[in-house]
Every structure is written in C-alpha cells, then in structure tokens.
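Each remark here refers to the structure printed beneath this line.
The model shown is predicted, which means the values in this text are computed figures rather than measured ones. All residue numbers in this chain count up from 1 along the given sequence. All values below come from the heavy atoms of this structure, side chains included, with hydrogens, waters and symmetry mates left out.
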Amino acid sequence: MEQKKQSFMEALGEFIQPNRSGYVWSVVSSILGVASSMIPYICAGKIITVLIMGETDFRQITPWLLLALSGYVLKVCFSNLSTALSHKAAFSTLEMVRKAMVEKWQRVPMGYFQNNTSGNLKTSLVDRIDSMEPILAHMFPEMTANILVPVAILVYLFVLDWRMALISLIVLPIGFALQMGCMKGFAEKYQEQIRITKKLNTTLVEYVGGIEVIKAFNQSAASYQKFTDAVNENAAFYVNWMHDTQKFMAGSRAVMPTVLATVLPFGTLFYLRGSLSAPSFVMIMILALGIIKPLLAVVDYTDNFAMLGTIAGEVRSVLDAPELIRPIQEEKLADTTLSLENVLFEYNTDTEVLHGIDLDITPGNVTALVGLSGSGKSTIAKLIAGYWDVTGGAIKLGGIDTRKVPAVQLSKLVAYVSQDSFLFDDTIRENIRMGNPDATDQQVEEMAKAAGCDDFIRELPAGYDTKVGESGGQLSGGERQRIAIARAMMKNAPIIILDEATAYADVENEAIMQEAIGKLITGKTLLVIAHRLFTITDADNIVVINKGRIDDQGTHSHLLEHCELYRKMWAANQEAADEKEAAL
C-alpha cells in the first residue's frame with residue numbers, strides 16, 4: 001500500500017515543535033524589520049511632497065529625515081534579531097534531526113546499510129539535512145514578512161486611491177506567471193538532482209576508498225573515467241536545468257520591477273485630470289517601488305518551498321525505516337545452545353536466500369559453515385548475531401527465540417568477526433579495548449599476546465599507542481584481522497563467530513592465528529566460516545551449505561565419504577595448495 005505523502009510540517013513537526021517559540025519570534029521580528037524598512041520610503045514621499053509644495057525651511061524636513069534614519073536602524077536591529085532567533089531554532093532542529101537519524105541507524109537491521117551505500121548515507125545525513133537550513137532559518141521568517149508587508153502597503157494604496165492600487169498590480173501576475181514557468185516539473189527535477197548527487201557521492205567515496213586497489217591493478221584510467229562521468233553527468237544536469245529555466249527567470253526579473261511602467265502614465269493622467277492629488281501621486285510612486293523588493297525576496301524562496309516535500313520525504317523515509325524490534329527485559333537462558341528451526345530469509349529484493357535451514361549448534365563445540373560463494377553462509381552467521389530478523393522459522397538461543405532476547409543481551413553473548421575487519425581511527429590499544437571498555441592496559445596487552453599479535457604491535461613506532469588510521473588503513477589486512485580477533489576475544493562472549501576472519505593472513509600468520517584462536521575458544525561455542533577447508537578439518541561439525549540449503553553435515557571424514565559437493569571443494573582446495581607450493 002502506497003504511503004500517504006506528508007507535508008513538511010507533518011513529516012518533521014516533532015523536531016520543529018520544540019523550537020516553535022524561536023521560529024514565532026523570528027517571524028515577528030522579521031515582520032517588524034521589513035515594516036521598518038518601509039518607513040524611509042514613506043518619509044521620502046513626505047519630503048518630496050513638502051519640497052514640491054515650496055517648503056524651504058530645513059527644520060520642516062528634519063523630523064522626516066530622523067524618522068527615516070530611525071526606520072533604517074530599526075530595520076537593521078529587527079532583521080539581525082530575526083536572523084539570530086531563526087538560526088538558533090533552525091540549527092537546534094537540524095541537530096535533533098541528525099541525532100534522531102543516527103539513533104535510528106542503531107536500531108535498523110544491517111541489511112539497511114547493505115542496501116544503502118556510504119555515499120547515500122552521507123548525502124542523507126549531511127547534504128540533505130544541510131539543505132533544510134535555508135528553509136528553516138530564512139524562509140519561514142523572511143517569506144512570511146515579505147508577504148505580509150506588501151499586503152499592508154497595498155491596503156494603504158487602496159486607501160490613497162483604489163484605481164492606482166489596482167494599476168500597481170498589473171505587472172505582478174505576469175511576473176509571477178513567468179516565475180511559475182521556472183517551477184514547472186521542479187519536483188521531478190529535484191528528485192533527479194538527489195539521484196545524481198548521491199551517485200556522485202558514492203562514486204567519489206568508492207574512488208577515494210579504493211585508490212590503493214586501483215593503483216595496484218593499474219585501473220586508474222577506468223576508475224577515473226567512472227568518476228569523471230559522474231562529475232560530467234552532475235554538471236550537465238545543472239546546466240540543462242538552468243538552460244530550461246533561464247528565459248523564464250530572466251523574464252520574471254525583467255517584468256517584476258516595472259511597476260512604474262503602469263503607475264507613472266496612469267498616475268500622470270489622473271493628476272492632470274485633477275482626480276489625483278500631487279502628494280498622493282508621489283506617495284503612490286514611492287510605495288509602489290516598496291512593494292517590489294519584498295516580493296522579489298519571496299520569489300527567491302519559491303524553489304526552497306518546492307524542495308520541502310522532497311526533503312521531508314527523504315528524511316522521513318529514514319526515520320520510518322523498519323526496525324529490529326527487541327524487548328528490554330533480559331531473558332533467563334537455560335544455556336547457549338543455538339537452534340535454527342526451518343529458517344527462511346530474504347533480503348529486500350524479495351528473493352529468498354535461505355530455504356528452511358535446520359541446524360543445532362552445541363555449546364563448547366566448533367561448527368564450520370562451508371560452501372560456494374553466495375550459498376548463504378554469511379547470512380546464517382549474521383542472522384545468529386542478530387543483524388536481521390528471519391523471514392520465517394526461528395533461531396533459538398537456550399530455547400528462547402532470539403527475537404525475544406534484548407539486543408544488548410544478545411550482543412553480550414555473541415562476538416562477531418567479519419572478513420573485512422573494521423578498525424576505528426584510534427590507537428591499537430583502544431581498538432582492542434573496545435571489546436571490554438573496562439579492561440586495563442595490562443589486560444589489553446595480555447589479550448593481544450594470547451591472540452598472537454603482540455609481536456608485530458611492539459615493532460610499530462608507538463607500539464600499542466600507534467594510530468591505525470581511517471578504517472585501520474595504516475595496517476595490513478592480516479594485521480587488522482588479528483587485532484579484530486583480539487578485540488572479539490576481549491569481549492569474552494560465550495559464542496564466537498568468525499566469518500573468514502583469517503582471509504587476509506599468509507600461511508605463517510594464519511597458523512599463528514589458528515593456534516591463538518584454539519587457545520582462546522576453550523569452553524566456548526565457535527561458529528567459523530571458511531573457504532580454506534584445511535583450517536576446519538578438526539571441527540566437531542562441518543555444515544555444507546548449497547544454494548541456501550544444507551546439503552550435508554558431519555565430520556571431515558564423513559563428508560569426504562558421503563557429500564559430493566564437499567569432495568569437490570576439498571579437491572579444489574588441495575589443487576590450489578599444490579599449485580601455490582609449486583610456485584614457491
């Protein structure tokens with residue numbers, strides 16, 4: 001069912017409401033500021049009228065000059081006050097939206113991040129929310145004031161002469177009609193702008209993040225071309241959009257200020273016929289000019305106004321994304337036995353990737369998941385870790401459905417290490433300590449020794465206080481994985497999941513890591529995903545996954561005898577190992 005489109009205030013009212021007083025007072029101040037800016041126009045009309053009447057005494061003009069100066073000062077004061085109030089309220093609103101979005105990301109399933117690239121997420125959190133600033137900080141107070149003040153001036157013009165008031169409005173509908181030509185198809189074009197901007201951000205993040213791989217495989221030209229194409233597409237879109245709207249914009253800006261083109265000839269005619277007095281004619285000319293400036297300011301905000309629905313819709317789509325619903329009260333678990341009962345799972349693509357998985361993982365045992373790429377091994381591991389909810393069936397921990405186990409409790413029980421081990425841009429010590437924030441420096445170093453990474457850490461310039469760089473970029477892939485394993489072991493969780501956690505290690509270091517893991521998992525449940533089968537031949541239970549189903553399970557010897565797929569995988573592993581040994 002299609003979701004009903006919400007207005008900007010409906011979509012983001014919960015963030016605007018707490019700052020309502022700031023917006024209200026900024027609007028009031030803005031109205032007073034624009035009204036004050038009209039005072040010099042009125043004073044100019046009075047001064048010209050006095051001079052036309054033959055007054056030569058400067059003292060008769062002085063009060064009007066002082067009043068004009070006062071109007072200007074008041075305009076500056078009220079405008080600055082309005083700006084300060086609106087910006088304070090706007091930035092408070094943006095802060096609340098960003099915090100809500102980040103907090104939301106902590107509650108959504110991991111699949112949300114797999115379906116949204118880092119470039120898209122950055123655009124939503126930074127660019128799209130930043131684009132709300134002109135709307136919240138400027139449009140509300142300034143657009144409101146710039147509409148109300150011309151209305152007040154128009155009322156005054158009707159008091160002076162209703163004919164001239166109507167004549168002063170002749171060019172405005174033409175100007176606004178031309179402006180509407182600029183806005184034709186704006187919503188669709190703005191949506192396309194968002195798509196192209198996200199594509200550019202994603203390409204940029206990919207290019208910068210993969211520069212090492214690009215250079216290593218001599219793909220600079222191809223990858224740079226992809227980035228260049230994204231930049232050119234972005235530029236071409238804006239140029240074409242500007243080309244389509246420029247004639248309407250130029251026409252609007254040319255017509256709107258020509259109020260005097262109608263006021264002067266008709267006013268002169270009425271004056272010569274005696275139906276319009278000179279003071280009224282002068283005042284009407286001055287005030288007619290005063291209408292245009294605030295109305296042009298309103299025109300400047302029409303594109304911002306058109307953006308409201310799109311921005312609100314995108315932000316709301318993030319805030320309304322489905323969450324992993326978990327209780328708060330911790331469950332009393334009988335043990336840490338894991339049972340997968342007829343587990344079905346599909347991503348947002350509506351394509352089922354797991355088709356009725358039944359599997360028991362006994363506490364204290366080593367269970368290995370093997371299979372061809374894309375068979376569903378990592379999906380099973382991440383479902384156990386609580387990254388998603390199963391589509392059908394259940395995963396039980398100690399006899400309790402994991403959907404009834406609080407996320408915090410499940411996190412304490414499961415330590416997950418993936419192939420792409422992420423490290424924060426901090427010291428090695430703090431990255432390891434993240435597994436147990438209360439750990440002492442000595443405990444961190446003891447865990448590093450147990451995990452087999454103490455030696456290489458001490459060889460670094462600053463040892464444990466060495467900064468690993470963004471995403472651990474200052475370390476090799478194998479070094480990052482060893483630190484990630486130490487961090488996971490620091491957590492001391494009873495269930496450990498290693499998803500190709502030794503993939504980047506060479507043969508020598510992999511042996512060290514395997515030995516360290518063997519010592520650290522004593523008495524714990526270990527679920528390991530491996531492509532190199534020789535690393536899991538001693539596992540208590542090896543589960544062969546094939547296209548989202550279990551082909552067979554058992555010991556290494558059992559599978560060699562009874563499982564054809566496992567035999568083929570084992571033969572391929574042996575052949576690859578022999579070729580590598582021959583190459584050396």
Side-chain angles (χ1 to χ4, degrees), residues 336-347 351-388 390-397 402 414 416-420 495-505 507 510 513-514 517-518 521 524-580:
T336 56
T337 299
L338 282 165
S339 299
L340 283 70
E341 300 176 356
N342 192 32
V343 169
L344 307 173
F345 182 72
E346 63 182 35
Y347 295 102
T351 301
E352 193 173 80
V353 294
L354 296 181
H355 319 292
I357 299 293
D358 289 299
L359 176 64
D360 291 325
I361 300 175
T362 308
N365 283 2
V366 176
T367 301
L369 301 181
V370 301
L372 302 177
S373 295
S375 59
K377 305 182 300 296
S378 292
T379 301
I380 293 173
K382 289 174 181 177
L383 285 171
I384 292 172
Y387 283 13
W388 292 282
V390 297
T391 306
I395 297 177
K396 294 184 178 180
L397 177 61
T402 54
V414 179
Y416 183 90
V417 183
S418 68
Q419 176 178 341
D420 299 316
I495 301 171
I496 300 169
I497 301 175
L498 302 181
D499 188 352
E500 284 293 320
T502 62
Y504 293 121
V507 176
E510 183 171 33
M513 294 167 69
Q514 292 290 346
I517 292 171
I521 64 169
K524 299 180 184 295
T525 302
L526 177 64
L527 177 65
V528 58
I529 298 173
H531 284 107
R532 288 180 274 197
L533 300 186
F534 66 87
T535 63
I536 49 89
T537 53
D538 294 330
D540 298 294
N541 189 30
I542 303 173
V543 184
V544 182
I545 309 296
N546 184 20
K547 296 181 180 180
R549 291 183 171 87
I550 295 178
D551 253 18
D552 201 349
Q553 57 181 307
T555 62
H556 172 67
S557 57
H558 168 84
L559 293 174
L560 283 177
E561 184 178 350
H562 295 93
C563 183
E564 181 180 358
L565 176 58
Y566 188 80
R567 281 197 301 271
K568 290 180 179 179
M569 292 174 60
W570 177 255
N573 269 248
Q574 291 297 101
E575 184 178 349
D578 292 342
E579 289 178 356
K580 187 173 182 180

Where Tyr416 and Tyr387 come nearest, the two heavy atoms and their spacing: CD2-OH, 3.4 Å
To the nearest 0.5 Å, what is the distance between [atom1] ([X]) and [atom2] ([Y])?
{"X": "Thr402", "Y": "Lys396", "atom1": "OG1", "atom2": "NZ", "answer": "10.5 Å"}
{"X": "Leu340", "Y": "Ile361", "atom1": "CG", "atom2": "CD1", "answer": "6.0 Å"}
{"X": "Leu498", "Y": "Leu526", "atom1": "CG", "atom2": "CG", "answer": "5.0 Å"}
{"X": "Leu359", "Y": "Glu341", "atom1": "CG", "atom2": "CD", "answer": "11.0 Å"}
{"X": "Met569", "Y": "Glu564", "atom1": "CE", "atom2": "CD", "answer": "13.0 Å"}
{"X": "Ile395", "Y": "Leu397", "atom1": "CD1", "atom2": "CG", "answer": "10.0 Å"}

Side chain His562, main chain His558, donor-acceptor under 3.5 Å: yes
Sole residue of Val343, Asn342, Leu354 in side-chain contact (heavy atoms from CB on, under 4.5 Å) with Val390: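 Testing Val390 for a side-chain contact (heavy atoms from CB on, under 4.5 Å) against Val343, Asn342, Leu354 leaves exactly one candidate, Val343.
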Given Ile384, Thr362, Leu527, the one that forms side-chain contact (heavy atoms from CB on, under 4.5 Å) with Leu338: Ile384
Is there side-chain contact between [X] and [Y], with heavy atoms separated by less than 4.5 Å?
{"X": "Phe345", "Y": "Glu352", "value": "no"}
{"X": "Thr525", "Y": "Ile496", "value": "no"}
{"X": "Ile536", "Y": "Ile542", "value": "yes"}

Geometric class of the Tyr566/His556 ring pair [parallel <30°, tilted 30-60°, perpendicular >60°]: perpendicular
Let me have the donor-acceptor pairs involving side chains of residues 366-378, under 3.5 Å, with sequence neighbours excluded, atom names and distances please.
residue: Ser375; atom: OG; partner: Leu372; partner atom: O; Å: 2.8
residue: Lys377; atom: NZ; partner: Gly371; partner atom: O; Å: 3.2
residue: Lys377; atom: NZ; partner: Leu372; partner atom: O; Å: 3.2
residue: Ser378; atom: OG; partner: Asp499; partner atom: OD1; Å: 3.2
residue: Ser378; atom: OG; partner: Asp499; partner atom: OD2; Å: 2.8

Contacts of [X] that satisfy side chain to side chain donor-acceptor pair (under 3.5 Å) - sequence neighbours left out:
{"X": "Thr379", "result": "Tyr347"}
{"X": "Asp538", "result": "none"}
{"X": "Thr336", "result": "none"}

Salt bridge (charged side-chain N to carboxylate O under 4.0 Å, His left out) partners for Glu561, two or more places apart: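 Salt bridge (charged side-chain N to carboxylate O under 4.0 Å, His left out) list for Glu561, sorted by chain: empty.
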Intermediate values then yes/no, side-chain contact (heavy atoms from CB on, under 4.5 Å), Val414 and Ile497: CA-CA 7 Å; Val414 179; Ile497 301 175; 3.8 Å; yes
Please set out all donor-acceptor pairs under 3.5 angstrom arising from side-chain atoms of residues 544-553, sequence neighbours excluded.
residue: Asn546; atom: ND2; partner: Asp551; partner atom: OD2; Å: 3.4
residue: Gln553; atom: OE1; partner: Asn541; partner atom: ND2; Å: 2.9

